[in-house]
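In what follows, a structure is listed as structure tokens, so that the remarks can point back to it.
Within every chain, numbering begins at 1; the chains are lettered A, B, ... in the order of the sequence lines, protein sequences first and strands thereafter.
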Amino acid sequence: MARESFGDRLMVIIIYVFLSLLAITTLYPFLNALAISFNEGMDTSRGGITLWPRVFTLENYGVVFKDERLINGFVISVLRTVVGTIGSILCTAIFAYGMSKRELIGRKYYMIMCIITLYFSGGLIPSFLLIRNLGLMNSFWVFIIPSLVGVWNMIIFRTFFQGLPAGPEESARIDGCGNWGTFFRIVIPLSGPVIATLSLFTAVTHWNEWFLAGIYISDVEKYPIQTILRQILLSNIVTDQGGLDSSALAHMAKVRTITSKSLSMATMMVATLPIITVYPFVQKHFVKGVLVGSLKE
Amino acid sequence: MSQLSVEKSMQPSLPQTQKKKSGLMRFLKQWDLQLMVIPALALVFVFSYIPMYGILISFQDYKIGSSFTSSPWVGFKHFNYFFNSPEFGVVMRNTIVISFLKFLIGFPAPIILALMLNEVRNMAFKRTVQTVTYLPYFMSWVIVGGLVSSLLSVDSGAINMLLERFNLISQPINFLSLPEYFWGILITTNVWKEIGFGSIVYLAAIAGVDPHTYEAASIDGASRFKQIYLITLPSIMPVVTIFMILAIGNLLSAGFEDILILAADKSLRDVSDVIDTYVVRVGIENYRYSFATAVGLFKAVVSVGLLTLANLIARRSGNSLW
């Protein structure tokens, strides 16, 4: 490696420059939005805000945290993410543990039944009609129940459980533990990494989902924050072209210095906050987790 | 211990007829184990299989409030209507163009990023780039859409400011309402969001290459570029092939959330309408359930066909598409 040719060194330089540019373009929109969210609204509309607020204010966040609709949405999102993740991980792990046992009668047929769902689905409209027939429309449980069992996660859990050492389980059985006891006392404590990874992905999915919430829920008070944010952003786009006033804008007109843009950016930050805070702690796990998932393909 | 060994020794020695009888007994005996899987299977049945059965309504004139089979049967009426409708050409063109562009640019992008990251020897720099590029994957499309529209906005968007500063334009451009920019914005945003995360698997595959191979190559005088081309790339080919097959199976899924978000402007409909968004519009918004289901079924059938075809080609050429 001592004799690097000119071409090699040039290539390395190009790579460093390119990767730096990529990192900057990835980070810039986010930091820019953060700066705008802390900048006075009327001042922002003059343009020129880049990475640092020019006229610092907390007013935008003040409006977000005073807006009942947004607080409500935030609470719904937190509830949905917590209940949905715990419920889904628990149900899926129990399912996977049962499926990991060779003596399970019907195991092969159960597995076929699950794998088919990875390739075929009824599509949007039949699912929508099913949810309606089940009476889940406009109910918080529409966020939780249909996603309780994830087939893909079950397969990852199952692979992990099958790779666990047999020793601890056997000794638990000798001590008189049944399948359920063994699962809760032995298997769960041994499965930290896979539980952490799949919980992260499930939680991110729940936190970020906005579309189904929009079509299954009709009461605005039951919207998660992403769906509300979507409406706010949509109304901005419409008004940019001289469209109709939305309720969000009517609300903002009361507070002079706040524009739709500054409010959207503050809301966006609040809607991303949980991921930004969790992200650094779980990054190590998810890299491993992605590999677990991809090995199964 | 004794329980376990008894169970094991009993199974293989039973004669055929007795085995059947004891099947139910054995099933009941492991009721606690079955209880772990049967409720979950019931959920899979309800939320995956009942909608599959619901596909039947694409051959019916489904009326709201009736069950999946009690509506009048109309055969292929909705399919014929779709194939002959003026939207068919537009929707198919957009679907094919968008998914083809996504595949052409979005598929190699993470591979190139992984190859580049692999050449970086400074670990702190490498880790920083990786951490930063993973980040957008975890943000919702709503947030990404907000960032993009802020970046591209007419009054104070960074892109318009930059272009004006360098005198490339005299008037700010309203990028998100002009059809000619839509495909570019859509693809760029997708690559921006997915590239870092997509590279993880390829980086892992590269990490599995024996370092001695590189040493030997550099002693033989291979330049870094040659090493990438002759060692790294062939080593990750099996992984690339698998992901390519999966991507081809998804070719008709031009996107959904991203298009709904970025093409909020109705003036973009001629370039943004794809099968999935069309299903939402005619199905959910216009209540034409049977018709929308037929359109969705058409897509599913073509997708399964593409997947089978891709797999076949891959197998013929020995797990490689080239």
- Item | Under 4.5 Å from a heavy atom of chain B, the part of A/I14 involved | neither
- Query: Measuring heavy-atom distances to chain A, does B/I50 have an atom under 4.5 Å in its side chain, in its backbone, in both, or in neither?
  - Reply: side chain
- Item | Which portion of B/T131 sits near chain A, non-hydrogen atoms under 4.5 angstrom | both
- Note on the structure: If one checks every heavy atom of A/T117 against chain B at 4.5 Å, the contacting part turns out to be both
- Answer with side chain, backbone, both or neither: which region of A/S147 has an atom nearer than 4.5 Å to a non-hydrogen atom of chain B? neither
- Proximal component of B/M161, with respect to chain A [non-hydrogen, under 4.5 Å]: side chain
- Under 4.5 Å from any heavy atom of chain A - which part of B/I228: side chain
- Query: Within a strict 4.5 Å, meaning less than it, do heavy atoms of the A/I276 and B/L135 side chains meet?
  - Reply: yes
- So B/Q34 and A/Y110, side-chain contact (heavy atoms from CB on, under 4.5 Å) or not? Walk me through it. CA-CA 11 Å; B/Q34 291 288 342; A/Y110 297 161; 2.9 Å; yes
- Interface moiety of A/F120 toward chain B, non-hydrogen atoms closer than 4.5 Å: both
- Item | 4.5 Å side-chain heavy-atom contact, A/I116 and B/M52 | yes
- Query: When rounded to the nearest 0.5 angstrom, what is the spacing between OH in B/Y137 and OG1 in A/T26?
  - Reply: 15.5 Å
- Answer yes or no: is there a side-chain heavy-atom contact under 4.5 Å between B/S150 and A/K261? yes
- Item | Toward chain B, the part of A/L136 with a non-hydrogen atom under 4.5 Å | side chain
- What part of B/L297 is in contact with chain A, defined as an atom under 4.5 angstrom from a non-hydrogen atom: side chain, backbone, both or neither? neither
- Item | From A/N179 atom CG to B/L35 atom CG, the distance as rounded to the nearest 0.5 Å | 10.5 Å
- Message: Report which part of B/N122 has an atom under 4.5 Å of a heavy atom belonging to chain A: side chain, backbone, both, or neither.
- Response: both
- Item | Donor-acceptor pair, side chain of A/N208 and main chain of B/F138, under 3.5 angstrom | yes
- Between B/L43 and A/F95, is a side-chain contact (heavy atoms from CB on, under 4.5 Å) present by the stated rule, with each step listed? CA-CA 11 Å; B/L43 279 172; A/F95 183 28; over 6 Å; no
- Could you tell me which non-hydrogen atom of B/P51 sits nearest to which non-hydrogen atom of A/S127, and how far apart they are? CB-OG, 3.8 Å
- Return yes when atom OH of A/Y28 has more than 12 non-hydrogen atoms of other residues, nucleotides or ligands closer than 6.0 Å, and no otherwise. yes
- Item | Contact class of A/I215 relative to chain B, heavy atoms under 4.5 angstrom | side chain
- Task: Begin with the C-alpha distance, continue with both residues' side-chain angles, and end with the deciding distance and a verdict on side chain to side chain donor-acceptor pair (under 3.5 Å) for B/E119 and A/Y16.
- Result: CA-CA 9 Å; B/E119 296 302 311; A/Y16 271 85; over 6 Å; no
- Hey, does B/W141 have a side-chain heavy atom less than 4.5 Å from the side chain of A/Q226? no
- Query: Checking heavy atoms, do the side chain of A/M99, its backbone, both or neither come under 4.5 Å from chain B?
  - Reply: both
- Message: Per the salt bridge (Lys or Arg N to Asp or Glu O under 4.0 Å) rule, what does the pair list look like for residues 90-102 of chain A, sequence neighbours excluded?
- Response: A/K101-A/E169
- Name the region of A/M265, side chain, backbone, both or neither, that has any atom closer than 4.5 Å to a heavy atom of chain B. side chain
- Message: side-chain contact (heavy atoms from CB on, under 4.5 Å) for B/S140 and A/R230? Distances and angles first, verdict last.
- Response: CA-CA 10 Å; B/S140 76; A/R230 171 67 183 147; over 6 Å; no
- So which part of A/L19 gets closer than 4.5 Å to some heavy atom of chain B, the side chain, the backbone, both or neither? both
- Task: Please state whether the side chain, the backbone, both or neither of B/F45 comes within less than 4.5 Å of a heavy atom of chain A.
- Result: both
- Kindly determine whether B/I284 and A/I125 satisfy side-chain contact (heavy atoms from CB on, under 4.5 Å), including the steps that lead there. CA-CA 7 Å; B/I284 306 283; A/I125 304 297; 4.2 Å; yes
- Nearest heavy-atom approach of B/I143 to A/T272 is CD1-OG1, 3.5 Å
- Query: Measuring heavy-atom distances to chain B, does A/F30 have an atom under 4.5 Å in its side chain, in its backbone, in both, or in neither?
  - Reply: both
- Where on B/E257 is there a heavy atom nearer than 4.5 Å to chain A: the side chain, the backbone, both, or neither? both
- Interface moiety of B/L33 toward chain A, non-hydrogen atoms closer than 4.5 Å: both
- Task: Answer yes or no: is there a donor N or O on one side and an acceptor on the other, between the side chain of A/D8 and the main chain of B/R224, under 3.5 Å?
- Result: yes
- Message: Between B/I55 and chain A, with a heavy-atom cut-off of 4.5 Å, which part of the residue counts as in contact: side chain, backbone, both or neither?
- Response: both
- Task: For A/I15 and B/M116, work out which heavy atoms get closest and say how close.
- Result: CG2-O, 3.6 Å
- Message: Under 4.5 Å from any heavy atom of chain A, what part of B/V280 do you find: side chain, backbone, both or neither?
- Response: both
- Query: Which heavy atom of A/L130 sits nearest a heavy atom of B/V46, and at what distance?
  - Reply: CD2-O, 3.3 Å
- Message: Is A/I275 in contact with chain B via its backbone, its side chain, both, or neither, using a 4.5 Å heavy-atom distance?
- Response: side chain
- Side chain of A/W210, backbone of B/V142: donor and acceptor closer than 3.5 Å? no
- Message: What part of A/R107 gets within 4.5 angstrom of chain B, counting heavy atoms only: side chain, backbone, both, or neither?
- Response: neither
- Query: Checking B/L41 against chain A: side chain, backbone, both or neither under 4.5 Å from a heavy atom?
  - Reply: both
- Message: Does any part of the side chain of B/V148, heavy atoms only, come nearer than 4.5 Å to the side chain of A/P29, both counted from C-beta?
- Response: no
- Query: So, do B/L307 and A/Y119 sit near enough that their side-chain heavy atoms are less than 4.5 Å apart?
  - Reply: yes
- Message: Using a 3.5 Å distance criterion without hydrogens, assess whether the side chain of B/W192 forms a donor-acceptor pair with backbone atoms of A/T25.
- Response: yes
- Query: Aromatic rings A/F128 and B/Y289: how do their planes relate, parallel, tilted or perpendicular, breaks at 30° and 60°?
  - Reply: tilted
